[in-house]
Amino acid sequence: MINKPNKNSQPMIMVVLATSILFCVSQINTSIKVGGAEAKKVDILSDILLKEKAKKVPLPEMILSETKMNEILSKENKEIAIHQMDLSNIDNTKTDTATALSHFFYSLNELKQHKRKVRIAYFGDSMIEGDLITQDLRECMQDTFGGWGVGYVPITSVVSGFRTSVLHTFGGWTTYNLVSATPGNHKLGISGYCFVPNTYTAVDTTNNTSGSWVKYATVNRKHIDKFYETKLLYGKSEGENYVVINGKHYKLNEKNAVNELLINSGNGGRSINASFQCESPVDIFGFSMECDSGVIVDNFSFRGNSGMPITKVNQNVYSQTNNYLNYDLIILEYGLNVVSPEVTDFSWYESGMTNTIKHIQQSFPGVSILLVSVGDKSYRKNGVYETDPSVPLLVKAQKRMAKANKVAFWSLYDAMGGSGSMVKWVQGDTTLANPDYTHFNYKGAHKVGKLLYSKLMCQYVDYNKKEKHKLNVVASNSLGTVLNK
């Protein structure tokens with residue numbers, strides 16, 4: 001047998017030879033032209049070399065490390081950016097001289113240093129009736145800043161049996177409100193209601209079993225288990241009109257559109273029993289259970305109210321009520337009663353609520369105002385619940401009107417989670433809303449109240465940081481002036 005040469009090594013030899021030739025060519029720093037075409041320089045190590053070089057190439061200027069970003073952006077600017085990105089934060093619109101909530105925050109600082117009251121009026125529709133949301137906001141504020149009492153409570157209420165923050169019974173009243181025909185000789189109070197007691201040709205103040213009556217009793221919960229200071233608000237009164245409260249007689253004889261009767265102040269009681277004996281008609285607006293220092297939160301709910309009807313309350317009534325109650329923040333939460341899948345344009349509502357905001361601003365000059373948007377609401381479509389398409393449209397309109405009128409804005413819709421959130425609140429492991437896919441239950445209202453409180457406190461902290469910065473700047477400028485003299 002003749003031994004043939006081994007050809008298995010030939011391919012390897014050819015590869016080594018070709019590689020050697022290409023490597024040599026790649027070291028020539030010239031390109032090769034053939035006819036009109038130009039061959040690029042051969043570089044068989046380009047991929048390896050480029051990968052190695054890429055490790056050393058600096059990042060483009062627009063891609064910054066966290067350290068570099070911290071050097072460029074101040075802490076204040078980063079906080080502003082975070083606030084702007086989080087749609088669930090309060091948009092504290094800047095006015096000509098301050099932010100929309102400056103008066104409220106200034107009052108909270110005053111409270112921390114001096115004995116005084118800070119008062120919040122929360123106007124809304126059925127979302128807050130029964131003291132929902134407001135009772136949780138009240139508790140959080142009173143935990144932080146002190147205070148006692150449930151605040152304003154009307155004479156009668158369609159949800160008195162539903163409310164858990166005060167026990168409330170009544171009888172013998174004629175009621176007028178924002179959506180009813182109100183005679184010319186009666187005026188609606190701050191809540192949008194007025195309550196008229198029965199009249200008699202002769203009054204008998206010793207008879208506590210007849211006449212129009214109302215009773216309030218405390219509940220066993222912190223901050224609201226005693227009535228330290230009780231006020232009665234009523235309208236113009238002429239003739240022999242009396243109220244007997246816990247056995248003590250008071251004559252109602254003031255002539256203003258709104259008047260105040262201070263009932264008691266001291267160690268606090270647990271009930272108020274009032275019976276009215278009147279010869280002539282008089283508007284009774286409500287009682288307020290409070291204390292002499294701390295935060296008070298008043299619930300002014302009105303079922304079915306779009307917010308626009310509250311302009312029916314005379315500005316004089318609002319302003320005179322404010323003379324006694326001294327509000328620092330007014331919250332407006334409306335819109336639930338105007339959303340509908342068929343509505344695609346809310347310009348009419350934007351115009352109407354702008355009138356409402358201006359009416360409130362003129363009635364309560366200087367008071368901070370916060371507009372709260374409608375929350376998410378779902379409807380059934382093709383057998384499945386989904387967000388009413390008009391809800392995000394209304395939220396945008398509400399944000400525009402807040403900015404145009406220089407009031408603060410909080411998107412409850414975004415705070416809930418935006419589109420589809422109501423379905424999750426109803427169908428989640430923890431049920432936070434009712435099966436009408438519209439209203440919160442107690443747990444959901446509790447969550448919203450605490451969430452609103454936390455958002456307000458975030459803004460409050462920012463306010464104090466900026467105020468401290470202003471003081472430091474003023475002190476620095478003053479020191480510079482002295483040193484330059």
Side-chain angles (χ1 to χ4, degrees), residues 90 101 104 108 117-154 157-168 189-193 216 218-219 221-225 227 285-291 294-305 307 310 321 325-336 360 364 367-375 408 410 412 415-416 432-434 439-457:
I90 292 175
L101 297 176
F104 175 55
L108 288 177
K117 299 177 186 179
V118 172
R119 199 170 197 123
I120 301 172
Y122 202 126
F123 293 86
D125 49 31
S126 57
M127 291 298 283
I128 67 166
E129 67 180 7
D131 211 16
L132 291 183
I133 299 177
T134 46
Q135 63 185 347
D136 298 293
L137 174 63
R138 180 188 303 116
E139 182 176 302
C140 290
M141 295 297 296
Q142 291 179 341
D143 280 345
T144 304
F145 299 97
W148 221 274
V150 297
Y152 179 96
V153 184
S157 171
V158 295
V159 293
S160 59
F162 173 71
R163 183 169 182 169
T164 62
S165 57
V166 66
L167 301 178
H168 181 196
I190 185 173
S191 67
Y193 288 85
Y216 308 98
T218 62
V219 295
R221 280 161 52 184
K222 62 179 179 178
H223 302 301
I224 54 176
D225 60 349
F227 297 152
F285 300 131
F287 283 84
S288 178
M289 278 65 81
E290 54 194 73
C291 60
V295 176
I296 302 156
V297 180
D298 296 333
N299 176 291
F300 296 120
S301 63
F302 197 110
R303 182 181 296 179
N305 188 0
I310 68 175
T321 302
L325 302 185
N326 298 307
Y327 288 102
D328 298 287
L329 172 64
I330 292 176
I331 301 175
L332 303 172
E333 182 184 337
Y334 295 106
L336 183 65
I360 293 296
F364 301 89
V367 176
S368 296
I369 298 175
L370 170 64
L371 181 65
V372 176
S373 83
V374 66
W410 185 49
L412 176 56
M416 289 178 63
L432 300 173
N434 296 322
H439 296 90
F440 305 123
N441 59 20
Y442 281 106
K443 289 183 179 179
H446 175 72
K447 181 175 181 176
V448 173
K450 294 192 72 172
L451 185 59
L452 174 54
Y453 163 78
S454 68
K455 296 302 181 181
L456 282 170
M457 290 302 98

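Counting only heavy atoms from C-beta outward, the side chains of Ile360 and Ile310 approach each other to under 4.5 Å. A heavy-atom distance below 4.5 Å is not found between the side chains of Leu456 and Trp410. Between His439 and Leu336, some side-chain heavy-atom pair lies under the 4.5 Å cut-off. In this structure, Arg138 and His223 have side chains that are not in contact, with every pair of non-hydrogen atoms separated by 4.5 Å or more. At least one side-chain heavy atom of Asp143 sits under 4.5 Å from a side-chain heavy atom of Lys222. Considering only heavy atoms from C-beta on, Phe123 comes within 4.5 Å of Ile190 through its side chain.
Shown here are the salt bridge (charged side-chain N to carboxylate O under 4.0 Å, His left out) partners of Glu290, two or more places apart in sequence or in another chain: Lys117, Arg119, Lys231. Not a single side chain to side chain donor-acceptor pair (under 3.5 Å) links Ser157 to another residue, sequence neighbours left out. Residues satisfying the side chain to side chain donor-acceptor pair (under 3.5 Å) criterion with Arg221, sequence neighbours excluded, are Gln135, Thr164. Checked against side chain to side chain donor-acceptor pair (under 3.5 Å), Tyr327 has the following partners two or more places apart in sequence or in another chain: Asp298. Listed by chain and residue number, nothing satisfies the salt bridge (charged side-chain N to carboxylate O under 4.0 Å, His left out) test with Asp225 (two or more places apart in sequence, or in another chain).
If you take CZ on Phe227 and OG1 on Thr218, they are separated by 5.5 Å, rounding to the nearest 0.5 Å. Remark: Ile369 CD1 to Leu101 CG distance equals 10.0 Å, nearest 0.5 Å. In this structure, CG in Leu371 is found 11.0 Å from CG in Leu412, a value given to the nearest 0.5 Å. Rounding to the nearest 0.5 angstrom, the gap separating the CD1 atom in Ile133 from the OH atom in Tyr442 is 12.5 Å. Rounded to the nearest 0.5 angstrom, Met141 CE and Ile296 CD1 are separated by 11.5 Å. Distance check, rounded to the nearest 0.5 Å: CG of Leu137 to CD1 of Ile128 gives 10.5 Å.
The minimum heavy-atom distance linking Ala408 with Ile90 is given by the pair CB-CG2, 4.2 Å.
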### Message
Using the rule given for side chain to side chain contact (heavy atoms under 4.5 Å, CB included), can you reason through Val150 versus Arg163, listing the C-alpha separation, both sets of side-chain angles and the distance that settles it, and then say yes or no?
### Response
CA-CA 11 Å; Val150 297; Arg163 183 169 182 169; 4.1 Å; yes
### Query
After noting the C-alpha distance and the side-chain angles of Val219 and Ile224, does the key distance pass the side chain to side chain contact (heavy atoms under 4.5 Å, CB included) rule?
CA-CA 7 Å; Val219 295; Ile224 54 176; 3.6 Å; yes
### Query
Leu432 and Phe440: side chain to side chain contact (heavy atoms under 4.5 Å, CB included), yes or no, with the steps?
CA-CA 6 Å; Leu432 300 173; Phe440 305 123; 5.8 Å; no
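Partner of Phe300 under the ring pair (Phe, Tyr, Trp, His ring centres under 6.0 Å) criterion, out of Tyr122, Phe285, Tyr152: Tyr152 alone. Partner of His168 under the ring pair (Phe, Tyr, Trp, His ring centres under 6.0 Å) criterion, out of Phe162, Phe287, Tyr216: Tyr216 alone.
Of the possible polar contacts, none joining the Asp131 side chain to the Thr134 backbone as a donor-acceptor pair under 3.5 Å is found.
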Output a table of donor-acceptor pairs, distance under 3.5 Å, between side-chain atoms of residues 446-454 and any protein atom two or more places apart or on a different chain; print 'none' if there are none.
unit_1: His446; atom_1: ND1; unit_2: Asp136; atom_2: OD1; d: 2.8
unit_1: Tyr453; atom_1: OH; unit_2: Thr144; atom_2: OG1; d: 2.5
unit_1: Ser454; atom_1: OG; unit_2: Leu451; atom_2: O; d: 2.7

